[in-house]
Amino acid sequence: MRLVRYPEPVLMKKSEEVEEFNDKLRHFAYKMFEVMYRHKGIGLAAPQVGILKRIIVINLTGNEDDEISLVNPIITKSTGSQIAEEGCLSFPGIFAKIERGEKITGNACNLLGESVDFEAHDLLARAIAHEVDHLDGILLCDKMSPTDKIALKTELRKLEKLYAKGTCNPAS
Ligand code: CO
């Protein structure tokens with residue numbers, strides 16, 4: 001399983017709902033955590049490993065007990081506002097100030113297919129909103145302020161050139 005980086009087209013596509021909750025799904029989520037830890041991330045969405053399924057994994061602390069897997073997540077309510085620097089494993093070296101809701105509520109399935117309501121604040125709310133965006137093909141570069149877009153233009157171009165050369169994705 002390899003990490004997909006901007007601007008690979010799979011990142012811009014909409015993911016499909018998961019319908020079967022089986023061992024294959026649970027193994028896939030386990031592999032996603034592996035990729036996320038290897039790249040020192042706190043969240044990862046399935047399109048970032050090239051799979052267009054609505055699955056996200058998050059771990060803010062790195063402790064196994066804090067692993068969160070959400071399948072078919074929906075954010076039903078987002079209130080308040082927080083602005084902070086945000087990164088993305090698919091945009092190595094790029095950080096942009098992004099506005100997100102301060103508190104979100106929503107619903108998802110766990111890896112067993114059970115319905116779970118969730119409520120999150122601060123960084124966890126930010127992480128969930130970021131990963132759910134991935135499932136709709138919405139990326140960091142789509143959420144950046146015009147100022148950041150100009151400031152980060154060179155960095156974005158670097159990733160585009162690496163992709164054009166076919167060197168941005170060593171099998172890792
Ligand atoms: Co991301």
Side-chain angles (χ1 to χ4, degrees), residues 1-18 28-62 66-75 78 81-104 106 108 111 118 120-149 151-163 168-172:
M1 199 181 266
R2 73 179 174 88
L3 181 65
V4 171
R5 295 181 180 88
Y6 173 84
E8 274 202 54
V10 71
L11 291 173
M12 289 77 161
K13 293 184 179 146
K14 201 171 155 72
S15 292
E16 289 173 1
E17 297 253 319
V18 171
F28 177 74
Y30 171 79
K31 300 296 275 183
M32 280 179 70
F33 276 112
E34 273 192 346
V35 171
M36 186 184 87
Y37 295 140
R38 198 189 315 143
H39 293 276
K40 305 196 185 336
I42 59 167
L44 194 72
Q48 292 180 279
V49 292
I51 302 296
L52 288 168
K53 289 282 182 188
R54 303 188 81 82
I55 305 161
I56 66 175
V57 299
I58 291 171
N59 190 335
L60 298 186
T61 65
D66 294 325
E67 288 187 346
I68 297 170
S69 313
L70 300 177
V71 182
N72 303 334
I74 296 167
I75 295 171
S78 175
S81 163
Q82 53 166 324
I83 298 173
E85 291 242 308
E86 201 170 294
C88 176
L89 291 182
S90 296
F91 290 80
I94 291 182
F95 296 90
K97 281 207 172 88
I98 309 280
E99 183 175 3
R100 302 274 182 196
E102 202 283 316
K103 181 188 165 189
I104 60 168
L111 292 171
F118 61 80
H121 301 258
D122 303 322
L123 182 59
L124 184 57
R126 171 175 297 280
I128 293 173
H130 175 108
E131 302 312 334
V132 169
D133 271 353
H134 271 297
L135 304 181
D136 293 316
I138 298 166
L139 303 175
L140 205 57
C141 54
D142 302 314
K143 305 284 279 191
M144 276 176 198
S145 69
T147 317
D148 271 349
K149 217 166 197 175
L152 294 165
K153 201 173 177 172
T154 311
E155 294 300 314
L156 288 169
R157 283 289 295 145
K158 260 187 217 166
L159 292 177
E160 286 161 13
K161 279 182 193 159
L162 283 171
Y163 174 67
C168 73
N169 277 295
S172 63

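Just so you know, ligand 1 is whichever comes first in the structure, and atom 1 is the first atom listed for that ligand.
- Residues Asp66 and Leu60 are not in side-chain contact: their nearest non-hydrogen atoms beyond the backbone lie 4.5 Å or more apart.
- Contact check on Asp136 versus Arg54 returns a salt bridge, with a Lys/Arg side-chain nitrogen under 4.0 Å from an Asp/Glu carboxylate oxygen.
- Evaluation of the side chain to side chain donor-acceptor pair (under 3.5 Å) test over residues 85-97, restricted to residues two or more places apart or in two chains, returns Gln48-Ser90, Glu86-Arg100, Glu86-Arg126, Glu86-His130.
- Within 6.0 Å of atom NZ in Lys103, 12 or fewer heavy atoms from other residues, nucleotides or ligands are found, so the atom counts as exposed in its surroundings.
- Within the protein, the number of N/O/S atoms found under 2.8 Å from the Co ion (ligand 1) is 3.
- Across all non-hydrogen atoms, the minimal contact from Ala46 to Lys53 is CB-O, 3.2 Å.
- Heavy atoms only, all atoms of each residue included: Val10 and Leu52 are closest at O-CD2, 3.5 Å.
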